Amino acid sequence: MEHDLPSIKSWKSLVKRRNNAQEGGKSSWKMKPVVVLMCTVLLIFWYKTTNIQYEQTEIEETDYPFEMAKESEPVSEKLKGLPFGIMQPRSDLELKPLWSSSSLRSKSGELTNRNLLAMPVGLKQKDNVDAVVKKFLPANFTVILFHYDGNMDQWWDLEWSSKAIHIVAHNQTKWWFAKRFLHPDIVSIYDYVFLWDEDLGVENFNPQMYLRIVKTAGLEISQPALHPNSTEVHHRITVRSRTKIFHRRVYDSRGNMKCSNASEGPPCTGFVEGMAPVFSRSAWFCTWNLIQNDLVHGWGMDMKLGYCAQGDRSKKVGIVDSEYIFHQGIQTLGGSGYPDKKNSARSRVNRRRGSATFDSRTEIRRQSTWELQAFKERWNQAVAEDKNWADRSSSTRNRIGNNRRLKRSSVIPSLVQRKAEETTT
């Protein structure tokens with residue numbers, strides 16, 4: 001009977017356990033408000049973050065629709081509703097009359113050589129543009145004018161105006177227009193694309209003679225040489241040589257940039273400037289993809305155009321001397337011309353008075369400088385990330401060849417020494 005009753009120690013331990021359980025329950029109740037508060041904060045943070053991400057996604061989808069962003073989706077999947085024979089993936093810029101199935105330019109017969117002249121134009125340069133177009137139209141060129149100042153109606157008095165294509169977008173640059181309206185699938189029928197500025201004098205330029213030289217020399221990217229007295233000459237390689245038909249490199253020991261036979265890159269060789277480039281069909285396909293959609297001034301791109309030359313840029317890029325132009329250096333949208341005297345004097349007066357005025361030329365140059373840095377950073381990042389890309393420039397090939405020769409020269413003596421040791425043993 002005594003053994004069936006719990007001992008005093010067991011009763012004490014039981015009471016102690018109950019007391020501990022009660023204390024633990026009280027402490028857990030004390031912790032619950034803290035846990036609830038932490039959960040509430042986390043939920044609010046999660047909701048805010050998700051909401052911001054959702055809004056950002058909506059903005060991106062508005063700018064770039066989801067169908068356009070899905071680059072991985074095969075094109076054939078989007079076109080599977082059409083029979084193959086009805087598809088026409090390319091177009092052109094040929095004007096079509098309402099009363100005929102042929103283009104306006106091909107009424108007299110089918111044209112074998114088709115080329116394109118594209119220029120950004122403003123009303124202030126109307127007379128100069130008129131002189132340029134009159135040189136190109138008789139040579140069977142299609143002409144497209146990008147009106148950056150919005151003044152298109154005042155061009156209709158020119159006899160050729162109805163034969164040209166006119167596109168208007170206020171305060172946009174040449175590269176902005178080119179990226180949006182000169183897609184390779186649109187201009188694929190043209191053998192060469194002339195993407196020129198509007199302030200170029202063409203008194204000594206013949207488009208047909210120019211193209212003959214370009215084709216004979218095998219130049220994929222080219223430009224006419226600049227008259228030595230041009231208002232703006234940025235690089236010596238673009239200056240006309242009186243004794244040559246064309247040239248691919250320049251020799252210059254003046255200044256910081258030394259150009260010699262050892263020079264393998266721009267601006268000593270493989271270089272054209274952005275004012276008057278001429279592209280073959282293949283070169284333009286590559287160049288269009290090089291143009292950055294948001295970097296509209298194109299600064300820095302001239303140093304990389306040689307990568308689109310479809311081969312060795314020191315051979316496929318050149319300057320044509322016998323057909324040359326005069327760069328007037330007049331202020332145009334996105335250009336770098338000299339400020340006129342009135343505006344310069346007004347700016348100096350305002351600075352002396354301490355008044356703040358908006359200088360569009362200064363702002364354009366500041367934006368262009370920023371874009372140059374951004375383009376360089378993008379190029380370097382793209383090169384670093386693309387492990388399959390190889391620099392096929394002539395300088396790189398020469399460097400690889402020299403490394404291989406050095407390896408061979410170091411291997412041969414070791415082989416000779418090894419052969420001698422085997423003979424003595």
Side-chain angles (χ1 to χ4, degrees), residues 111-118 132 135-136 139-141 184 187-197 200 202-228 230 233-252 259-288 290 301-327 392-398:
L111 296 173
T112 55
N113 297 323
R114 300 186 181 187
N115 303 290
L116 178 68
L117 170 67
V132 173
K135 286 267 187 175
F136 280 83
N140 293 325
F141 272 74
V187 301
S188 62
I189 70 167
Y190 305 107
D191 297 331
Y192 292 90
V193 175
F194 289 62
L195 189 58
W196 281 19
D197 288 351
L200 304 176
V202 293
E203 291 81 4
N204 302 290
F205 182 82
N206 184 305
Q208 292 170 314
M209 290 296 299
Y210 180 89
L211 288 176
R212 288 177 194 167
I213 296 170
V214 166
K215 292 176 183 178
T216 303
L219 302 179
E220 296 286 333
I221 301 177
S222 62
Q223 79 161 77
L226 301 182
H227 191 286
S230 293
V233 175
H234 300 117
H235 301 282
R236 291 286 303 170
I237 192 173
T238 62
V239 178
R240 181 192 178 217
S241 172
R242 297 177 182 272
T243 60
K244 297 178 180 178
I245 298 177
F246 68 92
H247 65 272
R248 296 186 176 96
R249 65 168 57 246
V250 67
Y251 301 92
D252 192 2
C259 294
S260 63
N261 277 325
S263 304
E264 295 293 346
C268 299
T269 185
F271 177 83
V272 298
E273 203 165 355
M275 70 185 72
V278 179
F279 305 93
S280 70
R281 182 187 294 108
S282 299
W284 177 249
F285 181 90
C286 175
T287 301
W288 185 89
L290 176 64
M301 203 170 63
D302 51 0
M303 293 293 179
K304 304 301 181 184
L305 287 178
Y307 288 99
C308 289
Q310 312 301 301
D312 188 345
R313 64 186 175 189
S314 65
K315 295 181 175 62
K316 298 287 188 178
V317 181
I319 312 294
V320 177
D321 298 289
S322 59
E323 302 298 325
Y324 58 98
I325 57 177
F326 188 93
H327 187 208
R392 294 179 174 84
S393 63
S394 57
S395 58
T396 303
R397 288 199 302 274
N398 292 340

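Remember, predicted model here, so these are calculated numbers, not experimental data.
Contact detail for Ile213 and Glu323: the closest heavy-atom pair is CD1-CG, 4.3 Å. Taking all atoms of both residues into account, the shortest heavy-atom contact from Leu219 to Val317 is CD2-C, 3.9 Å. Across Ala276 and Pro224, no two heavy atoms sit closer than the pair O-CD, 3.7 Å. Residue Ala139 comes nearest to Gln208 through the heavy atom pair CB-CG, 3.6 Å, listed as atom of the first residue, atom of the second, then distance. Nearest heavy-atom pair across Pro277 and Gly274 is CD-O, 3.4 Å. Nearest approach of His327 to Leu200, heavy atoms of both residues: CD2-CD2, 3.7 Å.
Side-chain contact check for Lys316 versus Gln310: every heavy-atom pair is 4.5 Å or farther apart. Residues Tyr251 and Asn261 are in side-chain contact: their nearest non-hydrogen atoms beyond the backbone lie under 4.5 Å apart. Counting heavy atoms from C-beta on, the side chains of Asn115 and Leu211 come closer than 4.5 Å. Using a 4.5 Å cut-off on side-chain heavy atoms (C-beta onward), Val278 and Tyr210 make contact. Considering only heavy atoms from C-beta on, Arg248 stays 4.5 Å or farther from Arg313 through its side chain. The shortest side-chain heavy-atom distance between Ser322 and Met209 does not fall under the 4.5 Å cut-off. Inter-residue side-chain proximity for Thr287 and Val193 is flagged as unmet; no heavy-atom pair is nearer than 4.5 Å. In this structure the side chain of Ile319 reaches within 4.5 angstrom of the side chain of Val272, judged on heavy atoms.
A 6.0 Å sphere centred on NZ of Lys304 holds more than 12 heavy atoms belonging to other residues, nucleotides or ligands. Annotation for Ile245: atom CD1 does not count as buried by contact number, only 12 or fewer foreign heavy atoms lying within 6.0 Å.
Looking at Ser222 and Tyr192, their side chains never bring a donor and an acceptor atom within 3.5 Å of each other.
When atom types are taken as modelled, the side chain of Arg281 and the backbone of Ser188 share a donor-acceptor pair closer than 3.5 angstrom. A donor-acceptor pair under 3.5 Å links the side-chain atoms of Ser280 to the main chain of Ala283, judged by distance alone. Although no hydrogens or angles enter the test, the distance criterion places a donor-acceptor pair under 3.5 Å between the side chain of Arg249 and the main chain of Ser263. In terms of modelled atom types and a separation under 3.5 Å, the side chain of Gln223 and the main chain of Glu273 share a donor-acceptor contact. At least one donor-acceptor pair under 3.5 Å links the side chain of Arg240 to the backbone N or O of Asp321.
Annotation: the span from Met275 atom CE to Asp302 atom CG amounts to 9.5 Å, rounded to 0.5 Å. With values rounded to the nearest 0.5 angstrom, Leu116 atom CG is found 11.0 Å from Asp191 atom CG.
Note on ring orientation: taking the six-membered ring where Trp is involved, the planes of Phe194 and Phe205 are perpendicular (angle over 60°, cut-offs 30° and 60°). Ring-plane geometry between Trp196 and Phe136 is classed as perpendicular, the angle between the planes exceeding 60 degrees on a 0 to 90 degree scale with a lower cut at 30.
Tested against Phe279, the residues Trp284, Phe285, Trp288 include a single ring pair (Phe, Tyr, Trp, His ring centres under 6.0 Å) partner, Trp284.
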